[in-house]
Amino acid sequence: MSRSAHPAGPRHADVLPEGHYTAPPADINALDPKVWSRTVTRTPEGAVSVGGIDVTRLAEEFGTPAYFIDEDDFRARAQAWRTAFGEGADVFYAGKAFLSRAIVRWLHEEGLNLDVCSGGELATALSAGMPAERIAFHGNNKSAAEIEKAVSVGVGHIVLDSFQEIVRVAHIAEQLGKRQRVLIRVTVGVEAHTHEFIATAHEDQKFGIALADGQAAEAVRRALKLDGLELVGIHSHIGSQIFDMAGFEVAARRVVSLLAEIRDEHGVELPEIDLGGGLGIAYTSDDDPREPHEIAKALGEIVTRECEAAGLRTPRISVEPGRAIVGPTAFTLYEVGTIKPLDGLRTYVSVDGGMSDNIRTALYDAEYSVSLASRTSDAEPMLVRVVGKHCESGDIVVRDAFLPSDLAPGDLIAVPATGAYCRSMASNYNHALRPPVVAVRDGEARVIVRRETEEDLLRLDVG
Ligand code: LLP
């Protein structure tokens, strides 16, 4: 991600690598709509508010740390994807980004489908009333029990990820007297420009079946022979937090050329292609994400053009956005505990959460923004590192940012764009109690996932 050159201000060349932080913002109290959800604003008194409720009230009622999700923003983003792709396509929200029963109900109401990748996500989806036929089941190593459950409840499709799974799913479906609709996940050999751990279309990795060397064509051959399977399409997911459309376009082109090969060899035109998720969002003001309608247009055009060239009927397209729907809709609210200024270097600001509620900074070197949320300030900006309360120095929430220099213990600070892969990847490290998720809308706030308690922790400890 691009970062501008060093600003004037506290730094130490040996410690702070060139280009790792931006200049202080022109107005440190401003809330950039790129990174904050749509109902976030400041009250006349200066506190950040969401859905018409200010954070001091939210902190009093729900405590900190806590995730606050802007329900209107979530529904609007879900709807924007739905509308952009229209009736001829399907949008599957990727539950791994964040899933709870309220989320499932919102998705259902907004007309989206759901991608799950474990028995736990499937159970959550079903328990909140998502119709099974609107669920897709993913994963590179689904257990027999998970496959049995998915087939017997009648999920819309299962995405087959390996040669073994082709046989396993077919066998289980036959035993249950069913014919399961399936897609085959292929790796198209694209190098997505994102962090190595979240790039998934190059061949040297665990997911999918390579297009190269005819592996995917062989998988199709085998799947078409099995009575328990109804092969309906091909799936590709190239990675996550991607800004460059080129990777998606290459993937679409290669998937369509596989459809043409299948038609030539077997005389069947598979009716569906799924191009996965992966669209990037703004974590800082430097990021410029694509809008759903731009993505829909680019993908629709390329698939149509390639299909026309190959003499194929245009298949139904599916996409699986996770982060791009839920990521920007939530922020994490923390209370400042201790402040440690290091002269000429930076100031460490410790908050009451950390890597247990946001592992992304430690794991992917992710960048986040942060704002003083309980008040505004006219003080000079200071370079800070926001850190957690865990027992390791890699416990960083925001690596480099600016906060007002009169910041004090007890102030509330908020980290925006934490809706995706924060609560869903939260841990109990150091026996931290995972924070609640609170939905806010039209002046009302309600807990959708409650805060963990010490009792919850001890209930599992049966030794
Ligand atoms: N479809 C499939 C098959 C996937 O594997 C994923 C994400 C998605 C859709 C949704 O991707 P999204 O639109 O959310 O980028 N924990 C990492 C992200 C891992 C993504 C895994 N798969 C992070 O925090 O950045």
Side-chain angles (χ1 to χ4, degrees), residues 1 74 77-78 80-81 85 90-99 103 107 112-118 121 135-142 157-162 165 183-188 190 192-202 205-209 233-245 247-248 251 255 273-283 287 289-290 292 295 299 317-330 332 355 357-368 397 415 417-427:
M1 252 165 260
F74 183 98
R77 285 175 197 278
W81 278 85
F85 279 84
D90 295 305
V91 180
F92 288 79
Y93 168 80
K96 67 204 81 183
F98 173 61
L99 197 65
I103 295 283
L107 292 167
L112 271 72
N113 305 318
L114 179 63
D115 142 12
V116 301
C117 66
S118 70
E121 288 184 358
I135 299 175
F137 199 96
H138 271 277
N140 67 302
N141 188 18
K142 308 166 187 77
H157 61 249
I158 294 182
V159 180
L160 301 174
D161 206 281
S162 65
E165 206 167 76
L183 273 69
I184 291 179
R185 176 166 175 173
V186 302
T187 47
V188 292
V190 173
H193 296 146
T194 187
H195 192 281
E196 177 196 349
F197 293 173
I198 50 179
T200 54
H202 53 297
Q205 45 112 359
K206 69 173 184 170
F207 293 108
I209 299 178
I234 301 295
H235 178 281
S236 155
H237 170 75
I238 62 171
S240 203
Q241 186 58 6
I242 298 168
F243 289 94
D244 182 1
M245 283 302 290
F248 293 102
V255 167
I273 62 175
D274 187 326
L275 295 170
L279 251 291
I281 62 162
Y283 285 102
D287 297 327
R290 297 300 185 94
I295 299 146
L299 292 181
I317 300 178
S318 302
V319 285
E320 301 171 334
R323 187 191 321 261
I325 291 179
V326 71
T329 67
T332 313
M355 64 196 301
D357 59 71
N358 186 350
I359 189 69
R360 297 194 68 260
T361 309
L363 197 53
Y364 315 116
D365 222 3
E367 289 175 359
Y368 281 93
V397 180
V415 174
T418 57
Y421 304 110
C422 287
R423 180 58 179 81
S424 68
M425 294 174 78
S427 77

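Keep in mind the model is a prediction, meaning the values are calculated, not measured. Whatever order the structure lists ligands and atoms in, that order sets their numbers, starting from 1. Here, residue 1 is the first one in the sequence, and each next residue gets the next number.
- For the residues Tyr93, Tyr364, Phe92, the heavy atom positioned nearest atom 23 (C) of ligand 1 is part of Tyr364.
- With a 4.0 Å cut-off on non-hydrogen atoms, Phe207 does not touch ligand 1 at all.
- Every residue two or more places apart in sequence or in another chain that forms a salt bridge (Lys or Arg N to Asp or Glu O under 4.0 Å) with Glu165 is listed here: Lys142.
- The shortest heavy-atom distance from Gly278 to ligand 1 is under 4.0 Å.
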Ser240 and Arg323: CA distance, side-chain angles, deciding distance, side-chain hydrogen bond (donor to acceptor under 3.5 Å, both in side chains) verdict: CA-CA 8 Å; Ser240 203; Arg323 187 191 321 261; 2.7 Å; yes
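- Under 4.0 Å from ligand 1, the heavy atoms of Asp115 that appear belong solely to its side chain.
- Of the listed options Gln241, His138, Glu320, Glu320 places a heavy atom closest to atom 9 (C) of ligand 1.
- In this structure, the side chains of Ile184 and Ile209 come closer than 4.5 Å at one or more pairs of heavy atoms.
- The distance between the ring centers of Phe92 and His157 falls below 6.0 angstrom.
- With distances taken over non-hydrogen atoms, the option nearest atom 25 (O) of ligand 1 out of Arg185, Arg323, Lys96 is Arg323.
- Under a 4.0 Å criterion applied to the non-hydrogen atoms of Ala94, ligand 1 contributes the atoms 8 (C), 9 (C), 10 (C).
- Within ligand 1, counting atoms from 1 as listed, the ones closer than 4.0 Å to a heavy atom of Met425 are 16 (N), 24 (O).
- Close contacts between ligand 1 and Pro321 involve ligand atoms 13 (O) [criterion: under 4.0 Å to a heavy atom].
- Stacking of Arg360 on the aromatic ring of Tyr368 is not recorded, the 6.0 Å distance cut-off and the 45° axial limit not both being met.
- Partners of Arg423 by side chain to side chain donor-acceptor pair (under 3.5 Å), not counting sequence neighbours: none found.
- Summarising the geometry, atom CE belonging to Met425 is positioned 14.5 Å from atom CZ belonging to Phe98; distances are rounded to the nearest 0.5 Å.
- Taking a cut-off of under 4.0 Å to the non-hydrogen atoms of Gly322, the atoms of ligand 1 that pass are 12 (P), 13 (O), 14 (O).
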